[in-house]
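To start, the structure under review is shown below, and the notes come after it.
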Amino acid sequence: MERISREMMRKWLSVYFILGSQNCKKDPLTVLTEAIDGGITLFQFREKGKNAYTGEKKRHFATKLQSICREHNIPFIVNDDVQLAMELDADGVHIGQEDEKADIVRRKIGHKILGVSAHNLKEAREAIAAGADYIGVGPIFPTSSKDDAKEAQGPSIIRSLRESGIQTPIVAIGGITPENAKEVIHAGADGVSVISAIASSESPFEAARELVKSVKK
Ligand SMILES: Cc1ncc(COP(=O)(O)OP(=O)(O)O)c(N)n1
Ligand SMILES: Cc1ncsc1CCOP(=O)(O)O
Ligand SMILES: [Mg+2]
């Protein structure tokens, strides 16, 4: 397997859904299946926060979500837990500034997809130098899905990264909805990453469809 091309990465970032057991109103497996039917392009398993599964329960839950992704050809990314990603032979890993260092993770995962969170130009440049295939930028808008989230920066952070010459694929995250998704795409993001817009929706299928439409417009 080779490193993913920028072109393919941009396509996959289009509507990037993140989920953990704590985010869902109904059965997470149903939520993921509906979201896939609605058109999501990439999935991240993010099991953290209050009452999050750990150990064997976490691993078992991850394998169920991964099977659904495999059935539908949706790449499966693991948040934070590099060891779990390797054990499951996931398609990639997402890490942030407080996690294991990106260059070390790149060495561990070979050519799997590496996503790294960045909040400013310095972090973005370091992530790219360390081997990130994409950067996750946010929170763009206020979010209640991450306890330790930094202050929202607005879509201007993405515009400013692009104006500073960052050409690596970028996904915007934090408080993104079908209503504001267009704004971040116009600012230069390749896609949007969401938890609550899909996971807390009465209809994850409709929510995913609306996001797909907004990102395309
Ligand atoms: C696509 C994407 N972007 C950013 C994040 C946030 O990662 P991090 O800063 O490590 O915070 P946690 O998600 O680990 O709480 C992400 N998960 N995905
Ligand atoms: C994981 C993460 N990183 C920055 S904001 C955020 C949470 C995004 O969740 P939501 O889409 O519900 O605002
Ligand atoms: Mg993290």
Side-chain angles (χ1 to χ4, degrees), residues 4 9-10 12-25 28 31 35 40-50 52 54 58 62 74-85 90-102 104-105 109 113-120 123-124 126-128 130 132-155 157-158 161 168-181 183-184 189-201 204 207-208 210-211 214-215:
I4 187 166
M9 192 71 253
R10 289 189 211 289
W12 281 351
L13 289 178
S14 179
V15 179
Y16 184 1
F17 180 40
I18 303 181
L19 168 138
S21 57
Q22 67 288 359
N23 302 125
C24 296
K25 280 189 178 164
V31 171
I40 64 157
T41 48
L42 187 61
F43 176 71
Q44 181 186 126
F45 174 64
R46 179 177 180 273
E47 186 63 19
K48 69 192 296 184
K50 208 171 146 236
T54 56
K58 175 179 173 184
I74 298 293
F76 178 86
I77 308 292
V78 174
N79 182 55
D80 290 353
D81 194 338
V82 180
Q83 197 185 329
L84 180 67
D91 299 294
V93 176
H94 186 96
I95 50 162
Q97 297 294 319
E98 317 295 325
D99 300 317
E100 219 176 324
K101 289 255 165 290
I104 294 174
V105 175
I109 69 172
I113 296 169
L114 177 61
V116 180
S117 307
H119 308 93
N120 51 51
E123 288 177 3
E126 283 170 1
I128 295 160
D133 293 305
Y134 74 86
I135 48 177
V137 178
I140 301 298
F141 303 109
T143 179
S144 49
S145 304
K146 179 168 163 62
D147 298 337
D148 57 350
K150 292 188 189 301
E151 212 172 306
Q153 299 197 71
I157 177 66
I158 292 169
L161 290 173
T168 295
I170 293 180
V171 70
I173 186 166
I176 293 173
T177 63
E179 288 71 39
N180 62 25
E183 245 185 282
V184 291
D190 297 291
V192 295
S193 187
V194 305
I195 299 178
S196 53
I198 294 179
S200 304
S201 167
E210 289 304 312
L211 280 163
S214 308
V215 165

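Residues take their numbers from the sequence shown, with the count starting at 1. Order of appearance sets the numbers: ligands from 1, and atoms from 1 within every ligand.
- Rounded to the nearest 0.5 angstrom, Q22 CD and K50 NZ are separated by 11.0 Å.
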Inset, instruction - I would like to know whether K58 and D81 meet salt bridge (Lys or Arg N to Asp or Glu O under 4.0 Å); could you show each step before the answer? - result: CA-CA 11 Å; K58 175 179 173 184; D81 194 338; 2.9 Å; yes
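- Heavy-atom proximity to S193, at under 4.0 Å, picks out these atoms of ligand 1: 1 (C).
- The nearest heavy-atom contact from the protein to atom 13 (O) of ligand 1 is R46 NE, 2.7 Å.
- Contact atoms of ligand 1 toward G96: 8 (P), 9 (O), 10 (O) (distance under 4.0 Å to a heavy atom of the residue).
- Less than 4.0 angstrom separates some heavy atom of R46 from each of these atoms of ligand 2: 1 (C).
- For V137, no heavy-atom contact with ligand 1 is shorter than 4.0 Å.
- Residue S196 touches ligand 2 through backbone and side chain together, judged by heavy-atom distances below 4.0 Å.
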Can you give me every donor-acceptor pair (side chain of residues 189-201, partner residue at least two apart or in another chain, under 3.5 Å) with its distance?
| from | atom 1 | to | atom 2 | distance (Å) |
| --- | --- | --- | --- | --- |
| D190 | OD1 | R10 | NH1 | 3.4 |
| D190 | OD2 | R10 | NH1 | 3.2 |
| D190 | OD2 | R162 | NH2 | 2.8 |
| D190 | OD2 | I170 | N | 2.9 |
| S193 | OG | Y16 | O | 3.3 |
| S201 | OG | S203 | N | 3.0 |
| S201 | OG | S203 | O | 3.0 |

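- The line from CG of N79 to NZ of K48 is 5.5 Å long, rounded to the nearest 0.5 Å.
- Using a 4.0 Å cut-off between heavy atoms, Q97 makes no contact with ligand 1 at all.
- Nearest to atom 11 (O) of ligand 2 by heavy atom, out of I195, V137, I140, is I195.
- Protein heavy atom at the shortest distance from atom 13 (O) of ligand 2 is T143 OG1, 2.6 Å.
- Looking at K48 against ligand 1, only its side chain comes within 4.0 Å, counting heavy atoms.
- The single protein non-hydrogen atom nearest to atom 7 (O) of ligand 1 is S117 OG, 2.9 Å, given as residue, atom name and distance.
- Take a cut-off of 2.8 Å around the Mg ion (ligand 3): the protein N, O or S atoms inside it are D80 OD1, D99 OD2.
- Each of the following atoms of ligand 2 lies closer than 4.0 Å to a heavy atom of V194: 11 (O).
- Counting the atoms of ligand 1 from 1 in the order shown, those under 4.0 Å from a heavy atom of K146 are 11 (O), 12 (P), 15 (O).
- For atom 9 (O) of ligand 2, the closest non-hydrogen atom on the protein side is S145 CB, 3.3 Å.
- Near V171, with a cut-off below 4.0 Å to any heavy atom, the atoms of ligand 1 are 1 (C).
- Within the 4.0 Å heavy-atom shell around ligand 2 one finds G175.
- Protein heavy atom at the shortest distance from atom 1 (C) of ligand 1 is Y16 CE2, 3.5 Å.
- Geometrically, ligand 2 and I18 share no nitrogen or oxygen pair separated by less than 3.5 Å.
- Atom OG1 of residue T143 and atom CD1 of residue I173 lie 7.5 Å apart, to the nearest 0.5 angstrom.
- At least one N or O atom of N79, backbone or side chain, sits closer than 3.5 Å to an N or O atom of ligand 1.
- Listed by number with element, the atoms of ligand 1 under 4.0 Å from a non-hydrogen atom of I18 are 18 (N).
- If you check which protein heavy atom lies closest to atom 3 (N) of ligand 2, you get K146 CD, 3.4 Å.
- Summarising the geometry, atom CD belonging to E47 is positioned 13.0 Å from atom CD1 belonging to I18; distances are rounded to the nearest 0.5 Å.
- Taking every heavy atom of both residues into account, W12 and T41 meet most closely at O-OG1, 2.8 Å.
- Considering only non-hydrogen protein atoms, atom 2 (C) of ligand 1 sits nearest to H94 CE1, 3.3 Å.
- Ligand 1 has a nitrogen or oxygen under 3.5 angstrom from a nitrogen or oxygen of D99.
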Inset, instruction - Determine, step by step, whether V31 and F17 satisfy the side chain to side chain contact (heavy atoms under 4.5 Å, CB included) criterion, reporting the C-alpha distance in whole Å, the side-chain angles of both residues, the deciding distance to 0.1 Å, and the verdict. - result: CA-CA 11 Å; V31 171; F17 180 40; 3.9 Å; yes
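- Side chain of E100 to backbone of I95: no donor-acceptor contact under 3.5 angstrom is found.
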Legend entry - side chain to side chain contact (heavy atoms under 4.5 Å, CB included) between T177 and F141, intermediate numbers included: CA-CA 10 Å; T177 63; F141 303 109; over 6 Å; no
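- Annotation: the span from D80 atom CG to F45 atom CZ amounts to 11.0 Å, rounded to 0.5 Å.
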Inset, instruction - Start with the C-alpha distance between Q97 and V116, add both sets of side-chain angles, then the distance that settles side chain to side chain contact (heavy atoms under 4.5 Å, CB included), and finish with yes or no. - result: CA-CA 8 Å; Q97 297 294 319; V116 180; 4.2 Å; yes
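- The line from CG of L211 to CD1 of I176 is 9.0 Å long, rounded to the nearest 0.5 Å.
- For ligand 1 and G136, the ligand atoms under 4.0 Å from any heavy atom of the residue are 3 (N).
- Residue G138 places no heavy atom under 4.0 Å from ligand 1.
- The protein non-hydrogen atom at the shortest distance from atom 18 (N) of ligand 1 is Q44 NE2, 3.1 Å.
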